[in-house]
There are 2 protein chains.
Amino acid sequence: MKDVAELADVSVTTVSHVLNKTRYVDRSLVRRVETAVKSLGYQPNALARGLRRKETRMLGMVVPDNSNPYFAELARSIEDACFECDYNMILCNSDEDPTKERAYLSLLVEKRVDGIVFVASGNDRSGVQAVLQQKIPLVVLDRELKDTKCDSIVVDNRAGASRATQHLIDGNHRRIGCVGGPINLVAARDRLQGYQDAFTKARLRVDPKWIQPGDFHIEGGYTAVQRLLDLPNPITAIFAANDLMAIGVLRGIGARGLRVPEDIAVVGFDGISLGKYTQPPLTTMAQPIREIGKLATELVLSRVNGERKEPRIHRLETSLVVRISCGTATQKRAGAKRET
Amino acid sequence: MKDVAELADVSVTTVSHVLNKTRYVDRSLVRRVETAVKSLGYQPNALARGLRRKETRMLGMVVPDNSNPYFAELARSIEDACFECDYNMILCNSDEDPTKERAYLSLLVEKRVDGIVFVASGNDRSGVQAVLQQKIPLVVLDRELKDTKCDSIVVDNRAGASRATQHLIDGNHRRIGCVGGPINLVAARDRLQGYQDAFTKARLRVDPKWIQPGDFHIEGGYTAVQRLLDLPNPITAIFAANDLMAIGVLRGIGARGLRVPEDIAVVGFDGISLGKYTQPPLTTMAQPIREIGKLATELVLSRVNGERKEPRIHRLETSLVVRISCGTATQKRAGAKRET
DNA sequence: GACGCTTGCGCAATCGTTTGCTCAAGTTTC
DNA sequence: GAAACTTGAGCAAACGATTGCGCAAGCGTC
């Protein structure tokens, strides 16, 4: 920048003002500066600027694993929203490891990101507290941290799971298995609860053996479905607490030589885009992934810009996407989208 | 930091040296500094440090779309390698748009990342040139930029595609369709060439109608396979130039009521982890994704640390992963891994 | 006891920007 | 024509770390 100033024969102050259009500068000087910038191939140093301005135009995002399609799509939507606002996104994979989580949060604070989008995996709150203490805006996704003063965005897991299960019941299924998620996650517990709600509402009973624990990964769905298929009085449908496990379920059923939906109906949860092309296409309770990303970014950036609203929990609705795997695609249901 | 120094009653110099262990400091002072750091909740400012040290411990990565499983896994492997070395990764989605590519590269330069891992989508070289001109280490993935002085990592697409096709020929298929990628990508052209090589080597002819253009996305595979299935003299096997299209192919075949591998055999390319759980599991020519990520990071960081070797093209081998979709899983082949 | 070495620490410059303050020149106003 | 504004631009002090250099005290040597 000093070089630019020298070449254009003006002060660095003027160069700065020209670059930022932050005060009036004579046209001829502007031109001189601009040609100097071009000829030197000058690019401003964001570090120095950030140091002075106390902003970095970077957001941190920490997810358990960005190669999980759900988080991949979430990260993508956040990154898009960042790009819109000339922000960059630092991506961190926590592997659901509280130690890594804390390490990353601390690193992000050191890097002085303007805000953080955090998909918490465990129950550890110390890392988040440390961030908030530094007055860095943070929004938690997929999880409500009680007694913690920060925004969070969640979907109505319980209602969604209930409606998904309801859909199977409406399809005349009575013995419906559930492949649940890790019980330490509220999201998983809520979805399990929703599954049970649907039975209660329909005045049906659920056999505890129908409920199989999973891990929110494909493998978990694959192994869990084996146990369900081994049941003496086998189930006729399965609600998987997320799409990844649903994919494992589909594969597990296929490996047994059974067919979906003729032999077993399957419904998932999340609405990852891959579900459109599973074999058969997956009926699922979709989360509004792009909206979540957009809202998260807006929330963080509004606080970056001085917003002082009381933090709150934003609860979004899910929507049923009916495809083939549930076997009721021909049946019309209010509020459910059908896809080809 | 000034506060810490004051509280510990030492100079900022000493605080700095204690924090970085960069010179001997008396034990009692060290303790005073450490307690001061704790009690103030002090976290160093990476901006200031970076400004002075001229390093940010951040790498930039630009990919076409991080929700594409292949890039997701690639990004993941790079991020892992970064974490190992206490680096952070800024993730950018170019959408294969040269304008966005340039915008991101320029932003990364401004942010003064220490290095860049770049998955080029088009042929645009101006952005890369600008980066190299600023002496920022950059490694290009998946693509060799001719006459450009930077490292690149590619797999042997042609040989890989040839072996994949060969595998189908060995399975007694003679009429094998090919769902190719966007012809502006060398990777796509090479794989197409490899497909043809296999025929030449087997002294067979390939009917031009068997070759259908695709887009490296699921949809492209889905629509391309329709055209192949409509052929008057239908094909019995398909080589898809990447796994995503192979998934579309599987679904397209399924939608027709045909079965894989009984009616049509399918082989993909990339080795994304999802392939293990498609219906049926996908035989594929796998890229060593994790090695690519590791090597890319090593290459970049070695140059960050002053390495001055002549840039070169690193060519990695692919490996055939035989699963169910090719219909020859029972057949033993040298050099091919079989999975359960 | 003077000299030189070693040891342990602080001073102050520096990294590359932004920005409050100042100031000269030009323009009104009365 | 002098006082009071206005206008356009530069000076220099931050921002928060790192680091070359220097200094004082302690110690050994002759």
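Order of the sequence lines fixes the chain letters, A, B, ..., with proteins taken first and strands second; residue numbering starts at 1 for each chain. Heavy atoms only: backbone and side chains are in, while hydrogens, waters and symmetry mates are out.
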Does the distance from a Lys or Arg side-chain N to an Asp or Glu carboxylate O, for B:D65 and A:R76, drop under 4.0 Å?
yes
Quick check on D:dT18: is either OP1 or OP2 less than 4.0 Å from any side-chain nitrogen or oxygen of B:S16?
yes
From CZ of B:R53 across to P of D:dG16 the rounded distance in Å is 18 Å
CZ (B:R27) and CZ (B:R32) are apart, to the nearest 0.5 Å, by 14.0 Å
Between P of D:dA9 and CG of A:D9, the distance in whole Å
12 Å
CD/B:E6: more than 12 non-hydrogen atoms of other groups inside 6.0 Å
no
Hey, does the side-chain of B:T13 have a donor or acceptor N/O within less than 3.5 Å of a partner on the base of D:dT18?
no
Distance-only donor-acceptor test, A:R52 side-chain atoms vs C:dT17 base atoms, 3.5 Å
no
Sugar-phosphate, base or nothing in reach of B:L29, heavy atoms under 4.0 Å
sugar-phosphate
Closest to the B:R49 side chain, choosing from C:dC9, D:dG8, D:dA17:
D:dA17
Integer-rounded Å distance: D:dT18 P and B:L19 CG:
7 Å
How many Å lie between CZ on A:R112 and C1' on D:dA17, as a whole number?
11 Å
Nearest-nucleotide comparison on DNA chain D, the residue closer to the 5′ end among A:S28 and A:V12
A:S28
Which sits closer to the 5' end of DNA chain D, A:T14 or B:P44, going by the nucleotide each is nearest to?
A:T14
Nearest-nucleotide 5' precedence on DNA chain C, B:L51 against B:R27
B:R27
Length of the line joining A:N20:CG and C:dG16:C1', which is rounded to integer Å:
13 Å
Atom of B:P64, atom of B:S94 and distance for their closest heavy-atom approach
CA-OG, 3.4 Å
Side chains of B:L91 and B:M89, heavy atoms from C-beta outward: is any pair under 4.5 Å?
yes
Rounded to the nearest angstrom, tell me the gap between atom NZ in B:K2 and atom C1' in D:dT18.
15 Å
Let's test your reading of the model: under 3.5 Å, does the base of D:dG20 pair with the side chain of B:R23 as donor and acceptor?
no
Look at A:K54 and D:dG16 and indicate whether a side-chain polar atom (N or O) is within less than 4.0 Å of OP1 or OP2.
yes
Under 4.0 Å from OP1 or OP2 of D:dT6: is there any side-chain N or O of A:Y24 that close?
no
To the nearest Å, how far apart are A:D26 CG and D:dG10 P?
11 Å
Side chain of A:N45 (C-beta onward), nearest among C:dG16, D:dA17, D:dG10:
C:dG16
Please give, in whole Å, the distance from D:dG16 C1' to A:E110 CD?
13 Å
